Amino acid sequence: RHMALAVLGLLLLAVVGFFAIALFSPLMRTAEVRIVRTDVRLDLEQIQSLLSPLFGKHLLLLSAYDVRILLEEGLPDLRSVEVDKDYPSTLVVRITVDPLIARLVIRNPEEGEPPEGAASTMDYLTSEGTYIASARASGGESLPTITLVDWGARPIPGTMILTSEFLLRVAATQRNLQEQFGQQVLERTVYLRAQEYHLRISQWTLWFDVRSSLEEQIQRYRIFLREVPPEEVKEYVDLRLKDRVVYR
């Protein structure tokens with residue numbers, strides 16, 4: 001019996017000793033942060049700088065929440081963070097950002113052209129409506145283009161300029177035009193302050209807004225196509241008004 005108690009005591013001492021070493025040993029302090037980049041637009045130097053407060057912290061006590069809080073300060077398009085620990089001193093961070101859905105061309109409301117020196121091919125819109133300026137974007141050249149006008153003050157990278165609801169509305173409109181009328185959208189222009197969007201098809205440009213339902217505007221377009229000869233339309237069809245359709 002005394003032998004059993006002695007063995008149990010030694011085991012308890014070993015466990016306590018292990019946790020004491022784990023908690024207080026300088027070997028368990030974070031000395032390296034390894035980034036797993038899932039998108040080429042992620043700037044590794046920027047991420048290392050954002051996570052620099054973690055160096056010297058006890059690896060055992062760090063959580064994914066601690067990492068995410070630091071990353072959110074500099075990554076407005078952050079989607080998810082996964083954290084693994086490579087003991088004794090390496091933190092492994094896998095970062096996923098919101099996907100890009102469009103290239104963004106930001107035009108001057110008065111001049112109708114991008115500001116001097118602007119690199120429109122480096123401006124992008126994420127799935128959450130966040131404006132991202134990046135020199136590195138995988139598949140950026142194959143993305144559809146959205147032209148942004150009527151913005152008042154030029155949008156700042158990292159800010160949300162369009163809500164996800166607005167983006168879903170535009171996508172649903174394009175889908176309806178394709179499925180119901182066989183019409184492919186070639187260009188998309190968004191008027192930010194007016195909350196309206198113009199979609200150019202091969203024949204003309206269609207004007208929509210979010211003040212009335214998409215179903216109502218599609219129905220107005222269906223009636224218009226039935227009653228107005230297409231050769232009469234030269235430029236646009238305005239579907240925003242409830243009591244009539246205006247065209248030019």
Side-chain angles (χ1 to χ4, degrees), residues 76-77 79 97-109 112-114 120-121 123-133 137 139-152 154-155 157 159-248:
D77 53 339
R79 170 159 289 196
V97 289
D98 294 324
L100 302 177
I101 62 167
R103 287 185 294 169
L104 203 59
V105 176
I106 304 175
R107 287 188 176 168
N108 187 304
E113 295 295 334
S120 60
T121 58
D123 294 335
Y124 300 94
L125 195 67
T126 73
S127 59
E128 298 300 312
T130 302
Y131 164 34
I132 297 296
E141 294 183 357
S142 63
L143 292 171
T145 299
I146 292 178
T147 300
L148 190 68
V149 296
D150 186 37
W151 35 263
R154 182 177 173 83
T159 58
M160 179 182 291
I161 57 176
L162 295 173
T163 65
S164 55
E165 290 80 9
F166 188 94
L167 293 172
L168 288 172
R169 174 69 174 260
V170 175
T173 307
Q174 293 185 207
R175 189 168 56 251
N176 273 270
L177 292 174
Q178 174 65 42
E179 294 175 354
Q180 298 191 39
F181 308 105
Q183 296 175 339
Q184 188 74 30
V185 173
L186 305 177
E187 293 181 5
R188 306 150 195 83
T189 301
V190 171
Y191 291 76
L192 194 58
R193 290 183 296 184
Q195 287 294 285
E196 65 182 64
Y197 53 101
H198 298 181
L199 304 180
R200 187 175 74 81
I201 58 176
S202 60
Q203 303 99 316
W204 45 66
T205 299
L206 300 172
W207 294 8
F208 296 88
D209 64 15
V210 296
R211 286 189 290 272
S212 58
S213 72
L214 176 58
E215 291 75 15
E216 291 174 338
Q217 293 178 71
I218 289 294
Q219 179 60 22
R220 287 197 282 271
Y221 186 44
R222 182 178 289 107
I223 295 172
F224 170 82
L225 291 176
R226 190 167 58 237
E227 297 183 354
V228 178
E231 59 271 14
E232 292 188 14
V233 184
K234 306 301 181 184
E235 188 174 341
Y236 66 83
V237 179
D238 186 350
L239 304 169
R240 301 170 301 164
L241 305 175
K242 289 189 175 183
D243 57 344
R244 64 187 183 277
V245 173
V246 176
Y247 64 94
R248 178 180 177 183

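Because the structure is predicted, anything quoted here is derived from the model rather than measured.
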Exercise for the section: Find the distance between CD1 (Ile161) and OG1 (Thr126) and round it off to the nearest 0.5 Å. Expected result: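 Output value for this atom pair is 9.0 Å.
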Applying side-chain hydrogen bond (donor to acceptor under 3.5 Å, both in side chains), run through Gln217 and Arg220 and close with a yes or a no. CA-CA 5 Å; Gln217 293 178 71; Arg220 287 197 282 271; 4.6 Å; no
Residues Arg175 and Gln178: side-chain donor-acceptor under 3.5 angstrom: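 Looking only at side-chain atoms, Gln178 and Arg175 do not form any donor-acceptor pair under 3.5 Å.
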Note, [X] side chain near [Y] side chain (heavy atom, < 4.5 Å):
X: Leu125; Y: Leu167; value: yes
X: Leu206; Y: Leu177; value: yes
X: Gln203; Y: Val233; value: no
X: Pro76; Y: Met160; value: no
X: Trp204; Y: Tyr247; value: no
X: Ile106; Y: Tyr131; value: yes

Distance-minimising heavy-atom pair for [X] and [Y]:
X: Ser212; Y: Glu216; result: CB-OE1, 3.1 Å
X: Tyr221; Y: Gln183; result: OH-OE1, 2.8 Å
X: His198; Y: Thr205; result: CB-CG2, 3.7 Å
X: Ala133; Y: Asp123; result: CB-OD1, 3.8 Å

Practice prompt. Only pairs at least two apart or in different chains count here, so list each salt bridge (Lys or Arg N to Asp or Glu O under 4.0 Å) that has a residue in residues 179-192.
Written response: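 Listed by first then second residue: Glu187-Arg200.
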Practice problem: Just say parallel, tilted or perpendicular for the rings of Trp207 and Tyr236, cut-offs at 30° and 60°. | Solution: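 Judged by the thresholds at 30° and 60°, the geometry between Trp207 and Tyr236 is parallel.
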Ring geometry between Tyr197 and Phe208 (parallel below 30°, tilted from 30 to 60°, perpendicular above 60°):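 Plane angle under 30°, so parallel.
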Has the side chain of Arg169 got a donor or acceptor atom that lies under 3.5 Å from a matching backbone atom of Asp209?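 Here the side-chain-to-backbone pair exists.
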query: Counting distance only, does the side-chain N/O of Arg240 pair as donor-acceptor with the main-chain N or O of Arg211 below 3.5 Å?
result: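 Pair absent, no side-chain N/O of Arg240 close to backbone of Arg211.
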Check your understanding: Got a sec: does the CZ of Arg248 have more than 12 other heavy atoms crowding it under 6.0 Å?
Key ->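 Open: at most 12 neighbouring heavy atoms sit under 6.0 Å from CZ of Arg248.
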Check against side chain to side chain contact (heavy atoms under 4.5 Å, CB included), Val190 and Phe166:
CA-CA 10 Å; Val190 171; Phe166 188 94; 3.8 Å; yes
